[in-house]
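Report on one structure; see the data block that follows.
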There are 4 protein chains.
Amino acid sequence: MRARSSADKQDDQKGSSRTFTEAARRAQIVGAAIEVIAEVGYTKATFTRIAKQAGLSSTGMISYHFAGKDDLMREVVAEVFRVADGYMVPRIEAQPTASGRLRAFIESNIELLGEFPKHLPAVVEVLGNIRSDDSSMREFCAAMDSLVDTHTHLIREAQEAGEFGEFDPRVMALAIRGAIDGVVTRAAKVPDFDPVACGRELADLFVRATRKDAGKDAGKDNR
Amino acid sequence: MRARSSADKQDDQKGSSRTFTEAARRAQIVGAAIEVIAEVGYTKATFTRIAKQAGLSSTGMISYHFAGKDDLMREVVAEVFRVADGYMVPRIEAQPTASGRLRAFIESNIELLGEFPKHLPAVVEVLGNIRSDDSSMREFCAAMDSLVDTHTHLIREAQEAGEFGEFDPRVMALAIRGAIDGVVTRAAKVPDFDPVACGRELADLFVRATRKDAGKDAGKDNR
Amino acid sequence: MRARSSADKQDDQKGSSRTFTEAARRAQIVGAAIEVIAEVGYTKATFTRIAKQAGLSSTGMISYHFAGKDDLMREVVAEVFRVADGYMVPRIEAQPTASGRLRAFIESNIELLGEFPKHLPAVVEVLGNIRSDDSSMREFCAAMDSLVDTHTHLIREAQEAGEFGEFDPRVMALAIRGAIDGVVTRAAKVPDFDPVACGRELADLFVRATRKDAGKDAGKDNR
Amino acid sequence: MRARSSADKQDDQKGSSRTFTEAARRAQIVGAAIEVIAEVGYTKATFTRIAKQAGLSSTGMISYHFAGKDDLMREVVAEVFRVADGYMVPRIEAQPTASGRLRAFIESNIELLGEFPKHLPAVVEVLGNIRSDDSSMREFCAAMDSLVDTHTHLIREAQEAGEFGEFDPRVMALAIRGAIDGVVTRAAKVPDFDPVACGRELADLFVRATRKDAGKDAGKDNR
DNA sequence: GATGAATGAGGCTTCATTCAT
DNA sequence: GATGAATGAAGCCTCATTCAT
């Protein structure tokens, strides 16, 4: 609109501080939502509870910063994914082999429970309570499905490269996803939960299950 | 469901017909609840929707027959367990070996999706939306945990008997539970889903993962 | 559903009393809404105010009987139209000439203010605050427009039959509608308002304006 | 809107530039409000929407320049009246006869829809949604009523001067007002609306209705 | 003087539950 | 025992307004 002079640079600090304030509030609310969802579940994670957790005076505040509950939930999932990606991707990509990446994927995923104990449980809650026909969540669920598809594809590639044995890659992808979610939901509640050990165990499990030489006749010997 | 004996006919008149009618109504409502929960999810499974599905004209009917929503949900889970037990237990007990029982457990569980497509998804929805601190659900969640404990124990026994390899039995129990739930939730939605093939694949997977000789150094070769 | 025996006829009293009760409540709420809308205007006619006027304990009661605010408003307009039709149509159809019907239309419309002082103001409020793009009101506004179209058509027929002079029938229909609404909104507030006299005056006005012989050069003599 | 004199340029620097800026901002907001009200109606004309229309980043801006929503609405009506007066008054006063002035009043009023399509619809919306008991609107509605009174008075004078026939001047004033509002609200929405032709038709109508010689027995021939 | 984040009242709606009949 | 109308708490959301910066 208006030509910007060099004097405006000071405004930039104020200007972006506004944006910063906004972003900070949103982050604060998203953080509170993650806590509340993980603690009381998706159904009972009301704006009232989230506002109280965030130290806000009213639920109007949340509606002020988010277009609606769906929008907030989207941000919750996006934030968890951002954190998870930042933690997991480097560890996965550092591995040269398919089973190394599989192990890194599982272990780093479970290890996240150590640093961010509420993040994964929250996202499991949210994704478990969303229907793909909820209109506003359509794209979101599609992203979810495509993630499983991606894993399925990677598994198939490893099979074709001779790194994995023969099995249905889709069922395997689903099983890995489900097993991780199960551990996230159930195991994380016990007081002396050890993410590193548990992640290693789970990774061992699926490395065994995907090994090339291991399962030649595994499925047939006892039927 | 059950063949009616001549003795029942007398009941119809006045005597314990209340009880029979009562039981029929409860079963009808529980069945409707299972359908609705599987279709729209726990959150949107309101009394109104369930009543409509059951062909009832008011929600008062449900409150009349159940102490509350928790009570209904308890019955839903109990009913699914009753059906699942009836289907699975004979198949499991027919197996002489631990891995045979493991396979039978997984396969029969997934196969249930063929005969009762809504039962398992419904129970996964309910159990995923219940907190152990919900007062009235305390005992219920305890039962759930004890089920995983039972599996953990059985796995440990198989290990001690030399039938299974060495791994953390609790993580394995959790992984099996989670993988089945994941398949139930996700795979059951695809149109050409084949419960038998999928169950076999999943069973293969965990049979491989639990095999004694398979995983000697599985966990160490790529770290 | 169930075969009805003669004994059921007693139920009919109860049965239809249920329906009757329902209808009575709806009528009560619609009546309260008409009162409130006429008194405080469409914008401030909230469920809270309407519930209070109807002697109801909560706004939930209204939502219980009506699908939403739109639904209630539709009923309000429908009710007023029902009353207006019952009063006006016989009086209009009793007239053999076009100008007789025009007069009867206007006079009976205004006279309604005597018997139902809130009905017409309420409907003017509602129709003035509805947009045709409000989705749920689409059909409704279409009905409104078609009413003006009907009047336009009747006027044109009277012109072709030689009963009315020459003028744009659509503008005339709009003017009649607007003039009545104006009187309804403004004049009805004065304490000594005389509906009969006012109706006659307004009818005189439009009978003059539509007369065949009257306006040959009316529009040209002063420009 | 207004040509800026050289004197204004100095104002821009520091002096009364506040006042000028202030006035400009108010005019900008009032203009945006007129647009929004005409487009979405009074009820949905929120500060948020008006601010967006005005290119403002926050609603605080509006509250800053206006004492409240009532104040803004007052300004909206005042602005429309200012424009309408500037357009209509010269045209009316140029006419020597009462019916000439009546025609000029109606025609120029409708013609305004050509030059300022949103102004009249906006003011009809506002005035239709204001109650005289809204405290702060008291004086405002009084001004409205006095305007109708003025017209009533002018009509009576024309009658006494023998220029108009005999009829209730108040009902006539109300009918003219209502007919214009009806046309403004309804006709202005059709795509091929011709303000000049429509204004002439409406003026013809009321000139006929007020003619001295026309209606001697108009009201009696069909009752 | 201007900004935009924060507020809190109030709106509509849904829901499980209760109660008179 | 069964019905369905009534209830009231709670949820999400919108809005005009205020206030610190």
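Note on naming: letters A, B, ... go to the chains in the order of the sequence lines (proteins, then strands), and numbering restarts at 1 for each one.
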Tell me: [atom1] of [X] to [atom2] of [N], nearest whole Å?
X	N	atom1	atom2	result
A/F47	F/dT14	CZ	C1'	13 Å
D/L72	F/dC15	CG	P	15 Å
B/K44	E/dT13	NZ	P	17 Å
C/L56	E/dC12	CG	P	14 Å
A/K52	F/dG11	NZ	C1'	14 Å
D/Y42	F/dC15	OH	P	13 Å
A/I62	E/dA5	CD1	P	16 Å
A/D71	F/dC13	CG	P	10 Å

Between [X] and [N], is there a side-chain N or O to OP1/OP2 distance below 4.0 Å?
X	N	result
A/R25	E/dA6	yes
D/T59	F/dA16	no
B/H65	F/dG1	no

Any Lys/Arg nitrogen of A/R131 or B/E125 sitting under 4.0 Å from an Asp/Glu carboxylate oxygen of the other?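 Salt bridge present between A/R131 and B/E125.
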Judged by each residue's nearest nucleotide on DNA chain E, which is more toward the 5′ side, A/G60 or B/K69?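 Result: A/G60.
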Dot-bracket pairing map - DNA chain E, Watson-Crick plus G-U, both contacts under 3.5 Å, | cross-strand: .||||||||||||||||||||
Applying a 4.0 Å non-hydrogen cut-off, can you work out what [X] is touching in the nucleic acid: base, sugar-phosphate, or nothing?
X	result
A/S57	sugar-phosphate
C/T46	sugar-phosphate
B/Y64	base
C/T48	sugar-phosphate

